[in-house]
J.: 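Let me give you the structure first, and then I'll get to my questions.
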Number of protein chains: 2
Amino acid sequence: MTDLEPMVILLVDDDLDVLGANARFLRANDFFVLVAESAGTALGKLTTDNIDLIVTDLRMPDCSGLEFAAKARESRPLIPIIFFSGYAQIPDVVAAMKLGAVEFLEKPIDPDQLLSVIRKVGKPKYSPAATQRDAFESLDHSSPLKMRVLAYEKFLIESCLVQHAGDVTRVLETLQINRRTLNDKMFRLGISREVLLSENQNPDDMPR
Amino acid sequence: MTDLEPMVILLVDDDLDVLGANARFLRANDFFVLVAESAGTALGKLTTDNIDLIVTDLRMPDCSGLEFAAKARESRPLIPIIFFSGYAQIPDVVAAMKLGAVEFLEKPIDPDQLLSVIRKVGKPKYSPAATQRDAFESLDHSSPLKMRVLAYEKFLIESCLVQHAGDVTRVLETLQINRRTLNDKMFRLGISREVLLSENQNPDDMPR
DNA sequence: GGTCGACCGGCAGAAAACTGCTTATCGATC
DNA sequence: GATCGATAAGCAGTTTTCTGCCGGTCGACC
């Protein structure tokens with residue numbers, strides 16, 4: 001999936017050497033990498049560029065990675081964020097995870113680990129804001145509980161599928177669910193990989 | 001809220017001195033405290049008693065706090081868990097938070113901090129209009145499917161209960177669900193009619 | 001005190017969901 | 001053409017959930 005449309009990663013670190021090294025490494029692995037050496041510039045790029053994932057140091061001079069993440073979430077509420085830091089204190093880690101961090105890595109970064117984490121996150125093509133609610137809240141308020149729960153489950157699975165470009169294996173990991181179970185659920189809920197993909201991919205992939 | 005029906009806290013620690021001290025401290029602050037010195041006994045109490053919150057050490061002889069938490073979640077999927085530990089490693093903290101821990105405290109525990117964290121957890125305010133979403137959307141984007149679905153189910157049931165002023169029979173009709181099933185679900189999801197009502201009704205309805 | 005209605009929870013059979021094993025298909029690669 | 005990886009689905013055993021039946025508690029009312 002990354003070949004056609006590489007994931008856009010925003011890499012934030014005030015240590016220019018580390019920043020450069022990591023950027024090179026990620027680019028060598030076919031990611032499209034934007035770099036920022038401060039939270040300020042990072043926030044700027046976040047609004048101008050279509051970024052899929054943030055990888056940021058926790059400690060930076062102008063403002064902490066936590067503040068940066070909080071601000072980033074204002075414009076991109078569900079964007080995945082990966083933190084890394086040396087000398088991290090437990091409370092920092094806790095705060096970062098509470099902010100919804102995908103992962104917290106310790107410096108020095110193990111490139112393979114970083115890579116596997118990024119791959120796991122995948123590329124969220126799904127525009128979260130738009131359809132989030134409609135999908136399942138369209139149901140009547142008096143609908144049976146089971147219906148409403150199933151609708152929500154369907155919505156979650158569909159989001160996850162679209163996010164991972166139809167890669168079922170990745171969805172299994174993300175949702176922590178058995179392959180067989182997912183198959184059953186998709187059948188029961190009437191979810192079709194093909195339909196989902198054809199509906200979401202085409203904006204960029206289909207020229208006309 | 002804690003006056004009428006104190007929160008039931010399950011405190012787990014293999015260090016009996018610390019366990020006793022913390023239990024005394026919490027009891028002095030009007031909580032109802034159950035103690036367990038091992039994961040095994042804790043799991044037992046979890047199924048027999050109606051526990052609102054787990055506070056557990058991360059390191060224990062019979063099995064790690066993480067394993068314990070995972071098992072605890074099997075019978076009480078959404079119960080809040082607070083971890084504490086000395087010498088915690090970052091990956092442990094990350095794993096704990098991914099498991100949905102509410103907080104991760106470092107040993108030695110600061111009583112005031114513990115108290116404030118518990119108080120914060122203990123107020124699952126359901127002002128029906130405002131915080132409706134947070135209840136289930138606060139879950140991590142990578143949380144297992146089952147947990148997110150359950151959180152939504154919990155939210156639906158609680159909303160419905162509040163809406164009908166705690167009238168279970170009406171809720172049964174609305175949600176089209178068996179009485180026995182609703183009972184089970186409420187226990188599993190940690191829903192309490194009393195707490196819900198006392199938190200929502202009083203602003204207007206309580207005359208004195 | 002007796003009765004009624006609403007609620008809770010134990011128990012056990014029925015129903016549904018989950019999951020490992022297996023086979024089959026399809027596309028990509030060798 | 002052979003092979004491999006990913007997906008889908010049949011089947012069966014296991015686990016979980018649902019639900020009807022029952023008895024028990026509590027407060028309101030007669």
Side-chain angles (χ1 to χ4, degrees), chain A residues 1-4 119-120 122-123 144-154 156-158 160-198 201 205, chain B residues 4-5 8 43-52 70-79 144-154 156-158 160-198 201:
Chain A
M1 74 158 215
T2 44
D3 288 4
L4 300 176
R119 292 236 165 90
K120 198 153 43 175
K123 179 168 182 177
L145 178 69
K146 196 175 281 184
M147 291 277 170
R148 300 179 65 184
V149 172
L150 283 179
Y152 182 60
E153 192 170 19
K154 176 175 181 176
L156 285 181
I157 293 176
E158 282 180 342
C160 196
L161 262 171
V162 172
Q163 229 172 49
H164 292 102
D167 184 334
V168 174
T169 307
R170 208 104 47 84
V171 172
L172 298 179
E173 292 165 12
T174 306
L175 298 180
Q176 297 182 34
I177 192 178
N178 183 289
R179 174 166 232 121
R180 202 62 194 66
T181 303
L182 180 61
N183 270 347
D184 287 350
K185 279 187 187 299
M186 285 176 63
F187 177 76
R188 275 204 301 274
L189 301 174
I191 302 175
S192 152
R193 268 174 81 234
E194 286 73 17
V195 174
L196 276 182
L197 292 182
S198 65
Q201 296 271 36
D205 297 351
Chain B
L4 300 176
E5 267 199 38
V8 181
L43 286 173
K45 290 186 197 253
L46 205 57
T47 54
T48 55
D49 298 84
N50 197 352
I51 290 168
D52 297 316
K71 285 182 193 160
R73 281 280 157 83
E74 288 175 14
S75 59
R76 296 288 308 279
L78 296 176
I79 193 167
L145 177 70
K146 191 176 285 182
M147 205 159 290
R148 299 179 67 185
V149 171
L150 284 177
Y152 182 61
E153 191 171 19
K154 176 175 182 178
L156 284 181
I157 294 176
E158 283 178 342
C160 196
L161 262 171
V162 171
Q163 194 179 331
H164 292 103
D167 184 333
V168 175
T169 308
R170 209 110 43 86
V171 172
L172 298 180
E173 292 165 11
T174 307
L175 298 180
Q176 298 183 37
I177 189 177
N178 184 288
R179 172 166 235 121
R180 200 62 195 70
T181 304
L182 180 62
N183 271 347
D184 287 349
K185 279 187 187 299
M186 285 176 64
F187 176 75
R188 275 204 299 275
L189 299 175
I191 301 175
S192 154
R193 267 174 81 237
E194 286 76 14
V195 174
L196 276 182
L197 292 182
S198 66
Q201 296 276 37

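Predicted model, so just to flag it, every value in this text is computed and none were measured. Residue numbers begin at 1 in each chain, while the letters A, B, ... track the order of the sequences.
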J.: Quick check against the 3.5 Å criterion: does Arg76(B) have a side-chain atom that pairs as donor or acceptor with the backbone of Ile51(B)?
T.: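 Confirmed, Arg76(B) side chain pairs with Ile51(B) backbone.
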J.: Which letters describe nucleotides 14-22 of chain D, given B = protein heavy atom under 4.0 Å from base, S = only from sugar-phosphate, - = neither?
T.: ----SBBB-
J.: If the condition is side-chain hydrogen bond (donor to acceptor under 3.5 Å, both in side chains), which residues does Asp184(A) pass it with, not counting sequence neighbours?
T.: Arg180(A)
J.: Please list, for nucleotides 4-6 of chain D, all pairs of protein and nucleotide N/O atoms separated by less than 3.5 Å.
T.:
none

J.: Backbone N or O of Arg119(A) within a donor-acceptor pair of the Arg170(A) side chain at under 3.5 Å?
T.: yes
J.: Of all the heavy-atom pairs spanning Leu172(A) and Leu182(A), show the shortest one and how long it is.
T.: CD2-CD2, 3.4 Å
J.: Quick one: side-chain hydrogen bond (donor to acceptor under 3.5 Å, both in side chains) partners of Lys185(A), sequence neighbours excluded?
T.: Glu153(A)
J.: Pair Ile177(A), Lys146(B) - check side chain to side chain contact (heavy atoms under 4.5 Å, CB included), show working.
T.: CA-CA 8 Å; Ile177(A) 192 178; Lys146(B) 191 176 285 182; over 6 Å; no
J.: Other residues, nucleotides and ligands only: do more than 12 of their heavy atoms fall within 6.0 Å of CZ on Phe187(A)?
T.: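 Counting neighbours around CZ of Phe187(A), 12 or fewer heavy atoms of other residues, nucleotides or ligands fall under 6.0 Å, so no.
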J.: Could you tell me the separation between the NE2 atom of His164(A) and the P atom of dT7(D), rounded to a whole number of Å?
T.: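 After rounding, the reported distance stands at 12 Å.
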J.: Does Arg188(B) have any side-chain hydrogen bond (donor to acceptor under 3.5 Å, both in side chains) partners at least two apart in sequence or in another chain, and if so, which?
T.: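 Partners of Arg188(B) by the side-chain hydrogen bond (donor to acceptor under 3.5 Å, both in side chains) criterion come out as none, since no residue qualifies.
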J.: I'd like to compare against my own output: the B/S/- annotation of nucleotides 22-28 of chain C with a strict under-4.0 Å heavy-atom distance to protein.
T.: -------
J.: Mind checking side-chain hydrogen bond (donor to acceptor under 3.5 Å, both in side chains) for Asp49(B) and listing every partner two or more places apart, or none if nothing turns up?
T.: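 By the side-chain hydrogen bond (donor to acceptor under 3.5 Å, both in side chains) rule, Asp49(B) matches no residue at all.
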J.: In this structure, how many angstroms lie between the P atom of dT7(D) and the CE atom of Met186(A), rounded?
T.: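 About 10 Å, once rounded to whole Å.
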J.: Do the side-chain N or O atoms of Asn183(B) get closer than 4.0 angstrom to the phosphate oxygens (OP1, OP2) of dG9(C)?
T.: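 No, because none of the side-chain N or O atoms of Asn183(B) sits under 4.0 Å from OP1 or OP2 of dG9(C).
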J.: Can you tell me the distance, in whole Å, between the CG atom of Asp49(B) and the P atom of dG9(C)?
T.: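 Between P of dG9(C) and CG of Asp49(B): 12 Å.
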